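Let me begin by presenting the structure, written as structure tokens, before commenting on it.
Whatever order the structure lists ligands and atoms in, that order sets their numbers, starting from 1. We number each residue from 1, following the sequence as shown. Worth saying up front: this structure is predicted, and the values here are computed from it rather than measured.
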Amino acid sequence: MDVWRIEREGYEPENATDNGNRFLIGNGNIGVRGTLEEYTANKLVAVNLAGIYDRAPGQTWREPINAPNPFFVQLEGQGAIIKHTQSLDIRHGLHHRETVYENAILTIERFCSMAEASILCQRISVQAKGKPITIITGIDSNVWDINGTHLVDYETELIDEVIKVSAITSELRIPITVSERCNHKENKIREIDNSVFRIFTTKENIVLDRIISINSELTSGTYDEKLKAHIEKWELLWSASEVKITGDKKAQLSLNYSIYHLHSIAPRHKDGLSIPARGLSGQTYKGAIFWDTEIFLMPFFTLTEPKMARRLMKYRINTLQGALDKAAYYGYQGAFYPWESQDGGLEGCTDFNVVDVFTNRPVRTHFRDLQIHISGDIVYALKKYIDWTNDDSILSDGGNKLIKASADFYLSRAFSRPGSDVLEFIDVIGPDEYHERVYNSAFTNRIAEYSLRQAGYDNKVRGYREIDGIIEQFDGYFDLEDVSLDTVRSRLVHPKEYWGTQGGVASTTQIIKQADVLALMQLFGDEFSDDKIKKNWEYYEPRTEHGSSLSACMYALGACRFGRADLAYPLFMKSARSDLDGGGKSWAGNIYIGGTHPAAAGGAYMIATQGFAGLHLKNGKPMLKPSLPEQFDSIEFPFIFANKNKTVSVTHKKAEIC
Ligand code: IFM
């Protein structure tokens, strides 16, 4: 098995959606879905641009922009398909397709340059088998727009051998320009429907090298030069982040794939950006930044690329104003961070974030106003970043303000019963989104208390109730109907029905969407004995739907803590292979939520390093408490601690950091 390559044989337009996620390429600035070159909007073709948000006409929220597709290629005269392979070199972010037709063989390589964030490259090779073949390639504006058209006022141009499509976004009038140069002179140019194509006709073999730029000047250099620079950059990234597993090639491939995705979506090119919950795979979830980044992605970047981790934290520092405004809007003090954060810290989450499948009416959800753990999650990530990097300069660079403002928010949001000075948080949503408007979510109370402590406040916060060592997820949770997951599933009337909110099948039961108490136990691991984690794992895991890709990794980490790598292993594979295997939940009622799952990829990295290898900090020092699955012979990886390069190696007999 090649652990650096994924591949699918057979031409399968019916799987265009999953393959679009599976074969995604990106460089943090631009993400290109893994759709085939001849596909258009109806197969979800997207060239997704990081950090550019706009409102489609008639919509109430913003979402990211998809640029016109410069990778479009179509043949004529090629005849029927005999054989087709699509593959991705995940070591170097190179997308390949090879299609053998009756009259020609088409091979295409494409990549988003890791060396130049605005540059995309494509090499099209056509081997004609004696019959004339027409190749149509160019910049196609017929791309996926999930909620309506964003780009208007198109212009197409051909200037000095460069073809160009420009447009502006409909709300904010942001210019979007895609330019392309090609190493061959075409026979004809065709400008049609806001798109521009070069047309070549050949009976011979031909190789077309295309260099593309988006929203910047086209740079000089040949395809081979750009490929070399791109590969060198990827090699550098792997040298700091590769996790080597021996004994289990499938696990190695899956983890490589996860890390590949994390690198492909990291905005290394520009300050002021973070990573959206669906990466750069389209407009789902409005291209917004959730707690996924702080809790599930930060560990990877903190250990492998602290500069990138700092940038992600700076995004939150720089968007503090948005959080202050949100708190003020709801009548609170301090910083209430957006649940779905967009450009400038604007809240992208609406009050009606799910559409009912039966009535097609928007449903009132409370993710936006009640998922208050978000501010504490950010403080937590900031503190962990400092613990691992020793970079406390971030505190005077805005970090202290963020910590203080978050604590002020919790103080003003808290409630105390008459005669008591104990703070409680009522009417909230914890990580488990199927139970809204709950009182004293154990996770929320603990993260709020943590946030208060970081700011130097010593107010007492109501913790959580426990029965026989099992933490109650929120007040009254144990009184809810205790039925099996299968029973709850059997009550569904419609396969896409949303399980939460008022009347949702899970909302009156103990069935939860995702790790909640187990997330608490992972974040505050020192406070819980292995036995206690085991007890809670055994209670909550069978009651968890794992309806979010964020769930499996928390349970896997818990299982490693109590020495059950065998329980953790399938959850590790589930996290690492989330976009490789596809088929995850794509609908919240009638709202499409498909795309790639960076948090699952970050979770897979956490399981490998913090779970299987057991890397953690104790008294400010990195330590190991391994729980290696029997499938692995060893695991080895580099990490950076306080500016020093270190390596972990763990076998079944030995574990060391050097
Ligand atoms: O942040 C998550 C949330 O915890 C569960 N629903 C999806 C969000 C984005 O991944």
Side-chain angles (χ1 to χ4, degrees), residues 21 61 63-64 258 261-262 265 274-299 312 316 337-342 347-350 353-355 363 365-378 380-381 428-436 438 441 443-444 447 473-474 496 498-501 504 506-507 511-520 522-523 540 544-555 574-575 578-579 584-589 591-604 606:
N21 298 325
W61 64 87
E63 59 196 5
S258 295
H261 269 278
L262 296 172
I265 54 177
S274 185
I275 302 178
R278 289 289 181 263
L280 296 175
S281 63
Q283 294 159 318
T284 315
Y285 276 140
K286 312 180 192 92
I289 289 93
F290 290 63
W291 73 312
D292 306 31
T293 307
E294 283 70 30
I295 301 300
F296 298 82
L297 307 186
M298 273 295 285
L312 298 177
R316 294 300 194 173
Y337 273 91
W339 181 242
E340 302 184 8
S341 181
Q342 298 185 325
E347 174 63 272
C349 188
T350 69
N353 233 27
V354 165
V355 173
V363 178
T365 52
H366 291 278
F367 311 129
R368 172 191 167 115
D369 48 330
L370 302 184
Q371 211 151 163
I372 64 168
H373 64 84
I374 179 68
S375 293
D377 302 333
I378 293 167
Y380 179 91
V428 303
I429 305 183
D432 158 33
E433 294 177 332
Y434 286 166
H435 295 91
E436 301 200 358
V438 304
S441 133
F443 182 95
T444 307
I447 203 89
Q473 189 177 291
F474 52 81
K496 286 203 287 190
Y498 186 64
W499 291 34
T501 71
S507 62
I511 295 302
I512 63 174
K513 178 177 181 183
Q514 64 200 90
D516 189 308
V517 168
L518 263 292
L520 161 74
Q522 170 53 26
L523 264 57
Y540 280 106
T544 305
E545 187 219 357
H546 296 296
S548 161
S549 63
L550 278 54
S551 189
C553 97
M554 291 296 176
Y555 280 98
K574 186 177 161 121
S575 293
S578 164
D579 295 321
K585 256 201 179 175
S586 296
W587 297 93
I591 297 280
Y592 182 65
I593 54 167
T596 58
H597 298 84
M606 283 159 75

- Query: Is it the side chain (CB and beyond), the backbone, both or neither of Ile593 that lies under 4.0 Å from ligand 1, heavy atoms counted?
  - Reply: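 None of Ile593 does.
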- Considering only heavy atoms, does His597 approach ligand 1 within less than 4.0 Å through its side chain, its backbone, both, or neither?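 Near ligand 1, His597 shows nothing, with every heavy atom at 4.0 Å or more.
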Is there a donor-acceptor pair under 3.5 Å between the side chain of [X] and the backbone N or O of [Y]?
{"X": "Tyr555", "Y": "Thr544", "result": "no"}
{"X": "Arg278", "Y": "Ile593", "result": "yes"}
{"X": "Thr501", "Y": "Thr365", "result": "no"}

- Query: So is Gln371 polar-close to ligand 1, meaning N/O to N/O under 3.5 Å?
  - Reply: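 It does not: no N or O of Gln371 is found under 3.5 Å from an N or O of ligand 1.
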I'd like to check which ligand 1 atoms, numbered from 1 as shown, lie under 4.0 Å from a non-hydrogen atom of [X].
{"X": "Lys513", "value": "5 (C), 6 (N)"}
{"X": "Leu550", "value": "1 (O), 2 (C), 4 (O), 10 (O)"}
{"X": "Asp292", "value": "1 (O), 2 (C), 9 (C), 10 (O)"}
{"X": "Ala277", "value": "9 (C), 10 (O)"}
{"X": "Phe290", "value": "1 (O), 8 (C), 9 (C)"}

- Item | Flag for Tyr434-Glu545: side-chain donor and acceptor within less than 3.5 Å |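 Glu545 vs Tyr434: donor-acceptor pair found between side chains.
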- Query: For atom 7 (C) of ligand 1, what is the nearest protein heavy atom, given as residue, atom name and distance?
  - Reply: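 Its nearest protein heavy-atom neighbour is Tyr285 OH, 3.2 Å.
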- Query: Which protein heavy atom lies closest to atom 3 (C) of ligand 1, and at what distance to 0.1 Å?
  - Reply: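 The closest heavy atom on the protein side is Glu433 OE2, 3.5 Å.
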- Do the two ring centres, one from Tyr498 and one from Trp587, sit under 6.0 Å apart?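 Centroid distance Tyr498-Trp587: not below 6.0 Å, so no.
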- Message: Heavy-atom contact check, 4.0 Å cutoff: does Ser548 meet ligand 1?
- Response: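 Yes; Ser548 lies near enough to ligand 1 that a heavy-atom distance drops under 4.0 Å.
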- Kindly assign one of parallel, tilted or perpendicular to the pair Phe474 and His435, based on the angle between their ring planes and the thresholds 30° and 60°.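 Phe474 and His435: tilted rings.
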- Query: Out of Phe296, Trp339, Trp291, whose heavy atom sits nearest atom 4 (O) of ligand 1?
  - Reply: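 Looking at heavy atoms only, Trp291 sits closest to atom 4 (O) of ligand 1.
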- Task: For residues Glu436 and Phe367, determine if any side-chain heavy atom of one lies less than 4.5 Å from a side-chain heavy atom of the other.
- Result: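 In contact.
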Acceptor/donor pairs from residues 546-553 side chains to any protein atom, 3.5 angstrom cut, sequence neighbours excluded:
from, atom 1, to, atom 2, distance (Å)
His546, ND1, Ser551, OG, 2.7
His546, NE2, Glu541, OE2, 2.8
Ser548, OG, Leu550, N, 3.0
Ser551, OG, Ala515, N, 3.1

